[in-house]
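Here's the structure we're looking at; comments come further down.
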There are 2 protein chains.
Amino acid sequence: MDIERSISALNNPMRRRILEWLKDRSNFPPALPGHEDLEGVCVAYIQEKAKLSQSTISNYMGLLKQARFVKAERHGQWTFYRRDEENIQAFLAAVKDELLKT
Amino acid sequence: MDIERSISALNNPMRRRILEWLKDRSNFPPALPGHEDLEGVCVAYIQEKAKLSQSTISNYMGLLKQARFVKAERHGQWTFYRRDEENIQAFLAAVKDELLKT
DNA sequence: TTGGTATATCGAGATATTTCGATTTATGGA
DNA sequence: TCCATAAATCGAAATATCTCGATATACCAA
């Protein structure tokens, strides 16, 4: 658990917002045909919602991935991102442990 | 709870370290004569331990104070800083609420 | 009032982050 | 194979953060 990298990834309002959006797949357009079974969301959908450039969103998703807040799954030309709930919980536990007294 | 300002304040290893040091008054030299009853630690003691310049530490403590991670108490020429446990817990709850699904 | 000490604030240079458009890479279809 | 599309990477300009030394402010003691 690299708390430095995690906090750094969270230190941006849009990246935090994306993490919130990813809590619920229905925040995005329906899955692409043939990918209905996938929980993840493609970069283009996130970009459209965030209204930032493609390269910026790709960069953001890379930072969130390095921080283990999301997992990426490549299917053909698409990369589907979804939250990594386990590691999000691990981060919260680590921050709590570092910050809290006792 | 300004989560933006809080995360930004935490986004620095030395500031996080200072918060950890402040968990235990005995991480610092004994209280100044006549201030034994105070829980807080003066800037000079923190500076000495951190080995950064006086102005940097003063700035850091100001950021931690704005983020409500510490409280400042002025006594004469000294400013004594101590953790604000209540607001630290409030921050943890807010981050948990924002990050965690369901 | 004068001088000394603790802290805060100011101004600036070095470094990091943000965000973009352009380019590259990977893939899939005609 | 050739083209189109999705995503990643590159390079750069704008902005923010880090950290310092110098200066200002506040307070105490003689």
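Quick note: numbers below take in every heavy atom, side chains included, and nothing from hydrogens, waters or symmetry partners. Labels below follow one simple rule: chain letters A, B, ... track the order of the sequence lines, proteins then strands, and each chain is numbered from 1.
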Check: M61(A) and I46(A) side chains under 4.5 Å, non-hydrogen atoms: yes
Are L10(B) and L99(A) close enough that some pair of their side-chain heavy atoms sits under 4.5 Å apart? yes
With no hydrogens and no angle check, is any side-chain donor or acceptor of R74(A) less than 3.5 Å from a backbone partner on G76(A)? yes
Which residues, if any, of residues 74-83 of chain B bring a heavy atom under 4.0 Å of DNA chain C? Q77(B), W78(B), T79(B), Y81(B)
Which of residues 64-71 of chain A sit near DNA chain C, with a heavy atom under 4.0 Å from it? none
note: E4(A), atom CD; dC18(D), atom P; distance rounded to Å ~ 10 Å
Kindly state each residue pair satisfying salt bridge (charged side-chain N to carboxylate O under 4.0 Å, His left out) with at least one member in residues 89-102 of chain B, sequence neighbours excluded. R16(A)-E98(B)
Mind checking whether V95(A) and L100(A) have side chains closer than 4.5 Å, heavy atoms only? no
Heavy-atom contacts under 4.0 Å between residues 51-59 of chain A and DNA chain C, which residues? L52(A), S53(A), S55(A), T56(A), N59(A)
Calculate the interatomic distance between E48(B) atom CD and dT7(C) atom C1'; express it in whole Å. 16 Å
Please list, by residue number, the residues of residues 6-21 of chain A whose heavy atoms come closer than 4.0 Å to an atom of DNA chain C; answer none if no residue qualifies. N11(A), N12(A), R15(A)
When you measure from the side chain of K49(B) to the backbone of N27(B), do you find a donor-acceptor pair of N or O atoms at a distance under 3.5 Å? yes
Under 3.5 Å, is there a donor-acceptor pair between the side chain of R15(A) and the main chain of A9(A)? yes
Contact list for residues 51-68 of chain A, test salt bridge (charged side-chain N to carboxylate O under 4.0 Å, His left out), sequence neighbours left out: none
I'd like to know if the side chain of S6(A) reaches the main chain of D2(A), judged simply by a donor and an acceptor atom lying under 3.5 Å from each other, with no hydrogens or angles considered. yes
From CD1 of I46(B) across to P of dA8(C) the rounded distance in Å is 10 Å
Using a 4.5 Å cut-off on heavy atoms from C-beta on, say whether the side chain of L22(B) contacts that of F28(B). yes
Starting at CD of Q47(B) and ending at C1' of dG21(D), how long is that distance when rounded to a whole Å? 12 Å
Watson-Crick or G-U stems involving DNA chain C, each at least 3 pairs long, distances under 3.5 Å, ordered by first number: C:1-30 with D:1-30
By side chain to side chain donor-acceptor pair (under 3.5 Å) - contacts of R17(B) (at least two apart): none
Solution key, residues 86-94 of chain A side-chain donor-acceptor pairs under 3.5 Å, sequence neighbours excluded:
{"from": "N87(A)", "atom 1": "ND2", "to": "D84(A)", "atom 2": "OD2", "distance (Å)": "2.8"}

Let me know the distance between CG of L63(A) and P of dA16(C), rounded to the nearest Å. 15 Å
In this structure, how many angstroms lie between the P atom of dA6(C) and the OH atom of Y45(B), rounded? 10 Å
Taking only residues two or more places apart in sequence, or in another chain, which ones meet E48(B) in a side chain to side chain contact (heavy atoms under 4.5 Å, CB included)? P29(B), Y45(B)
The salt bridge (charged side-chain N to carboxylate O under 4.0 Å, His left out) partners of E73(B) (sequence neighbours excluded) come to R82(B)
Suppose we screen for salt bridge (charged side-chain N to carboxylate O under 4.0 Å, His left out). Which residues come up paired with E85(B), at least two apart in sequence or across chains? R83(B)
Contact check, side chains of Y81(B) and V43(B), non-hydrogen atoms, under 4.5 Å: yes
